[in-house]
Amino acid sequence: MKERMSEELVAMRAAKELKDGDYCNLGIGIPQLCASFVPETVKVQTENGALGYGPLLSFADMEKLAQQPELIDELMETRDPDLSDAGARAFSPAPGMSFFDLLTSFAMIRSHRLTSILGGLQVSEKGDLAIHSTSDRDPYPQIGGSMDLAWGAKRVIVAMTHTAKDDTPKIVKRLSMPLSASQCVDLIITDLAVIEVTPEGLLLKEVAPDWTAEEVQSLTEATLILADDLKEVEL
Amino acid sequence: MKERMSEELVAMRAAKELKDGDYCNLGIGIPQLCASFVPETVKVQTENGALGYGPLLSFADMEKLAQQPELIDELMETRDPDLSDAGARAFSPAPGMSFFDLLTSFAMIRSHRLTSILGGLQVSEKGDLAIHSTSDRDPYPQIGGSMDLAWGAKRVIVAMTHTAKDDTPKIVKRLSMPLSASQCVDLIITDLAVIEVTPEGLLLKEVAPDWTAEEVQSLTEATLILADDLKEVEL
Amino acid sequence: MKDKTCTAEEAISEVRDGYSIAINSWGLTGTPAYLLRALRACGAKDLTLYCNNFIPGISALEEIGLANLTGLLPQLKKVVSPFIGGRAFRNVLAEEEDIFEGRVQKGELEIETSSHGIYIERFLAGAMGSGGIYSPIGVDTVIEEGKEKRTIDGIEYVFQKPIRPDIGLVKAHRADRMGNLVYRGTSRASNPVVAMASKITIVEVFDIVETGELDPEMVVTPGIYVDRIVRIPEDDISSESKTNEVLKMIIKRRIEAEAAMSANPPQS
Amino acid sequence: MKDKTCTAEEAISEVRDGYSIAINSWGLTGTPAYLLRALRACGAKDLTLYCNNFIPGISALEEIGLANLTGLLPQLKKVVSPFIGGRAFRNVLAEEEDIFEGRVQKGELEIETSSHGIYIERFLAGAMGSGGIYSPIGVDTVIEEGKEKRTIDGIEYVFQKPIRPDIGLVKAHRADRMGNLVYRGTSRASNPVVAMASKITIVEVFDIVETGELDPEMVVTPGIYVDRIVRIPEDDISSESKTNEVLKMIIKRRIEAEAAMSANPPQS
């Protein structure tokens with residue numbers, strides 16, 4: 001079996017979509033990992049009410065802390081429980097950050113001023129997104145902010161694995177899982193490919209190293225249109 | 001012609017309705033004059049976004065300033081253009097005041113937590129209020145915050161002259177002027193009387209010094225019910 | 001980091017004929033007088049103006065650095081405002097008022113009225129992407145004319161549509177380079193809500209500080225809502241020091257007049 | 001001036017069977033854990049709980065001063081929340097989760113879901129006295145079930161009703177004696193909006209300062225919205241110093257676990 005890109009690499013590729021002056025919100029899952037790769041000129045928003053805050057811990061930090069656990073005590077000096085993101089992870093302060101209530105936060109999320117990087121359970125060929133639940137009879141609906149983010153962003157990027165754990169395709173003709181928001185996805189970044197949602201259909205723009213377009217198509221239910229300049233994933 | 005109560009006395013009587021711990025908003029006209037009589041334990045709100053601020057200038061201040069105009073320069077040291085009420089009158093700061101945007105201000109006005117003292121063009125026997133316009137073809141609609149205040153207050157007190165300048169009654173069976181808010185008025189305080197709006201009708205509770213209930217009724221279109229303990233206006 | 005600062009002319013060049021423009025206009029301060037001068041100068045026409053209070057007249061105020069809405073009249077096709085002044089100024093400003101009233105009568109200027117509360121909740125609805133709200137205000141009044149009414153749980157409401165202006169002109173006290181804004185006292189008013197509801201938000205400030213100088217707990221408008229930051233030049237008539245002088249003079253004159261009135265009350 | 005300060009027991013005595021209660025619950029801080037303990041102790045039942053995130057389980061947290069929503073379950077007939085945890089905690093908290101799931105299956109506990117944005121705009125609608133709003137979120141999804149849909153200017157919306165809780169339990173960092181509130185960092189969250197929407201607002205704070213000590217520009221919730229102020233006693237497990245200790249420990253454990261994971265990533 002060929003190797004797919006790691007979650008870190010997918011996150012790195014997704015973060016590359018963020019440009020100087022952009023604002024972004026990073027969802028649960030692979031999108032959270034983007035935080036390590038977001039340039040300083042991009043400001044991160046969190047649903048529970050902060051914008052432009054400092055970094056969470058990166059992979060590099062984590063590896064260092066695993067090797068030198070005594071550094072954790074030192075690190076704790078800078079952690080403040082009142083500065084934490086939507087996933088309750090403590091962030092560090094940064095110049096220019098601001099705090100606000102949830103009304104302001106969700107007006108912001110719906111303002112079409114943020115780029116939203118979301119995870120995904122399924123994406124359809126029209127850009128419909130399923131993210132909050134695998135079935136209609138879910139005893140634990142976890143919609144959270146996902147529907148607001150998918151509807152209200154300037155641009156929606158889904159960063160996810162290309163297939164489910166049982167290898168069934170997650171990029172499908174029509175959603176079989178409950179819809180979260182219709183025709184909202186602009187770009188899909190997976191461990192196998194970068195795919196743009198266009199009015200003509202799904203445009204395969206980049207494939208993972210060592211993978212061919214045919215192999216990616218075989219793991220994709222929806223039909224992929226090959227880009228003229230189809231290339232290997234650029235990191 | 002018997003003397004009616006002065007605007008200042010009407011304002012003084014209206015302010016007497018405000019109790020320790022109350023919050024209030026004072027409308028244009030006679031209500032503005034209440035500011036001079038509001039006890040310190042009552043906090044005043046202004047539509048443009050402040051609560052619990054310090055005094056505007058009182059009558060006593062004004063008379064003093066008229067006699068000693070050189071005091072105005074001294075007074076100006078404490079005036080700050082960024083601290084002004086809905087009528088653009090500069091107020092002084094006070095401990096415990098707060099500033100907020102208009103969304104918060106009008107949520108507050110509609111929260112049923114403020115006592116609203118409003119002027120009035122007409123009040124009907126059901127407590128309907130006309131305040132924003134004298135005719136349907138007004139080229140200058142000046143609704144302002146009056147409809148929000150009339151709808152959203154804990155208690156609505158109308159402080160006004162008992163009759164129009166041409167002596168026609170302002171307390172009427174049915175409004176002839178455009179409605180601002182229906183069945184909203186709780187108490188009417190005029191230069192002739194204090195009248196409560198009850199489910200049974202208008203209850204005359206106090207009359208101005210030297211005036212009789214019959215004389216007040218003759219200047220009132222709606223029928224007044226005489227209170228058992230009808231008395232002279234208490235200041 | 002993208003630089004959001006520019007001149008008033010550059011910022012106002014975003015305005016196109018037919019655009020809707022929202023401003024705060026309440027009280028002595030918090031009105032974007034400097035940007036309004038640039039808006040006049042740019043000559044864009046057929047504009048819709050959203051403002052809390054439209055006080056026609058007072059064009060003389062522009063010369064002393066304050067906002068002049070009458071001066072904008074030739075560029076406006078519609079005014080949406082809960083409070084149309086004029087009546088109170090009829091005696092002192094007869095001529096300028098005629099411009100206003102004349103245009104209304106000739107059908108050149110449409111007036112849409114509102115209440116302050118409805119006005120601001122419509123902006124919030126715009127900021128939230130809402131399709132509309134059922135407001136409790138104005139049932140059986142002029143407010144409900146031409147609008148849907150609906151009874152919900154036994155109470156009547158009037159349907160109000162969101163406001164989402166093409167351009168919001170905002171006045172804040174101070175910005176940092178990221179566009180985070182702080183206000184001062186009652187000059188806050190509708191400015192933060194206008195910033196949230198507008199498609200493009202342009203702000204004028206007395207002062208721009210370096211990023212990190214504003215207390216993050218005190219920021220009222222986060223920088224994401226601010227597209228352009230215009231600093232009022234220190235030698236301009238709308239600068240902080242010059243405006244303050246003028247406003248202090250206005251407050252003083254008013255106190256003098258009220259004191260004189262209090263010494264010689266008019267006979268009623 | 002009326003004294004709004006009282007004990008948690010006195011404040012919670014306002015709660016009656018069948019009441020709706022709103023709290024903020026998001027992240028490590030900003031949840032009124034001290035008042036929630038008093039709510040459990042008072043035994044009021046058939047309550048409806050509005051909370052941003054309902055995380056069943058974690059009853060052990062109560063013993064270290066944090067909020068425990070599972071403990072409240074026997075008193076609840078309905079939970080309205082955009083995020084029902086549990087799935088994420090299934091392995092560690094199987095037993096407590098069963099209480100939650102079991103009650104839902106037996107029909108003893110009704111769950112009403114939402115999105116965070118809809119949830120908070122419904123509170124604002126409550127605060128403004130609105131009859132409802134047309135929200136753009138959730139069209140063609142589970143959100144629209146049983147609700148009116150409407151197309152306005154070519155866009156579809158779902159009708160959402162206002163939330164106006166009987167009681168709001170609010171956590172702020174500090175209050176003055178008038179009830180003016182300041183928050184700290186992301187513990188602000190939905191607290192200010194809960195305070196505005198609730199018929200009765202009870203706040204718990206680490207600290208009460210004298211009136212005049214708070215900067216008027218920094219007050220987020222004006223005192224008019226606060227009916228009762230409860231100061232968490234300094235020796236209580238939910239006090240500022242003790243909570244901070246616990247939270248720092250939680251953050252530290254989490255970092256240790258993530259660091260260990262990063263050194264030994266699970267095979268995928």
Side-chain angles (χ1 to χ4, degrees), chain A residues 4 6-7 46-50 53 57 59 61-67 69 72-73 75-76 79-91 93 99-103 105-107 109-110 132-133 136 138-152 178-182, chain D residues 24 26-30 52-53 81-88 101 104-105 111 113-121 123-124 136-143 173 183-193 220 243-244 247-248 250-252 254-256 258-264 268:
Chain A
R4 300 182 180 200
S6 67
E7 292 195 340
T46 180
E47 295 97 304
N48 57 329
Y53 48 91
L57 293 177
F59 298 116
D61 292 332
M62 284 301 180
E63 280 174 13
K64 202 164 137 201
L65 292 171
Q67 281 148 24
I72 293 181
D73 287 324
L75 174 78
M76 285 306 295
R79 301 286 109 171
D80 179 338
D82 282 335
L83 307 188
S84 61
D85 74 1
R89 297 175 304 162
F91 58 73
F99 304 119
F100 33 83
D101 65 19
L102 291 191
L103 186 70
S105 181
F106 279 87
I109 281 169
R110 295 191 192 167
H132 72 276
S133 211
D136 284 333
D138 189 346
Y140 302 109
Q142 298 191 337
I143 294 168
S146 61
M147 289 188 183
D148 299 280
L149 285 158
W151 181 88
L179 176 72
S180 298
S182 63
Chain D
N24 177 67
W26 202 329
L28 298 175
T29 59
N52 317 77
N53 297 283
S81 178
F83 192 91
I84 306 287
R87 196 156 54 201
E101 210 167 335
V104 173
Q105 279 163 3
I111 301 290
T113 192
S114 188
S115 88
H116 282 314
I118 294 170
Y119 179 81
I120 204 74
E121 69 186 331
F123 274 87
L124 199 270
I137 307 302
V139 173
D140 296 334
T141 76
V142 61
I143 288 286
H173 196 72
Y183 302 90
R184 194 167 176 281
T186 48
S187 68
R188 189 184 305 193
S190 61
N191 281 305
V193 187
V220 173
T243 302
N244 254 333
L247 293 175
K248 284 257 189 178
I250 291 173
I251 295 171
K252 190 176 168 181
R254 188 159 171 180
I255 292 172
E256 285 168 347
E258 285 183 32
M261 177 100 80
S262 134
N264 303 297
S268 62

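Since we're looking at a predicted model, the values are computed, not measured. A, B, ... follow the sequence lines: proteins, then strands. Residue 1 opens every chain.
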Which atoms of [X] come close to chain D, meaning under 4.5 Å heavy atom to heavy atom: side chain ones, backbone ones, both, or neither?
{"X": "L149(A)", "answer": "neither"}
{"X": "F106(A)", "answer": "side chain"}
{"X": "E47(A)", "answer": "both"}
{"X": "S105(A)", "answer": "neither"}
{"X": "P69(A)", "answer": "neither"}
{"X": "F91(A)", "answer": "side chain"}
{"X": "A86(A)", "answer": "both"}
{"X": "I109(A)", "answer": "neither"}
{"X": "L57(A)", "answer": "side chain"}

Short N-O contact, R110(A) and E121(D), less than 4.0 angstrom: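 Looking at R110(A) and E121(D), the cut-off is met.
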Heavy-atom contact with chain A under 4.5 Å, split by part of Q105(D):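 Neither part, no heavy atoms under 4.5 Å.
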Best-contacting candidate, P178(A), S146(A), G144(A), against chain D by heavy atom pairs under 4.5 angstrom: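 With the most close heavy-atom pairs to chain D, the winner is G144(A).
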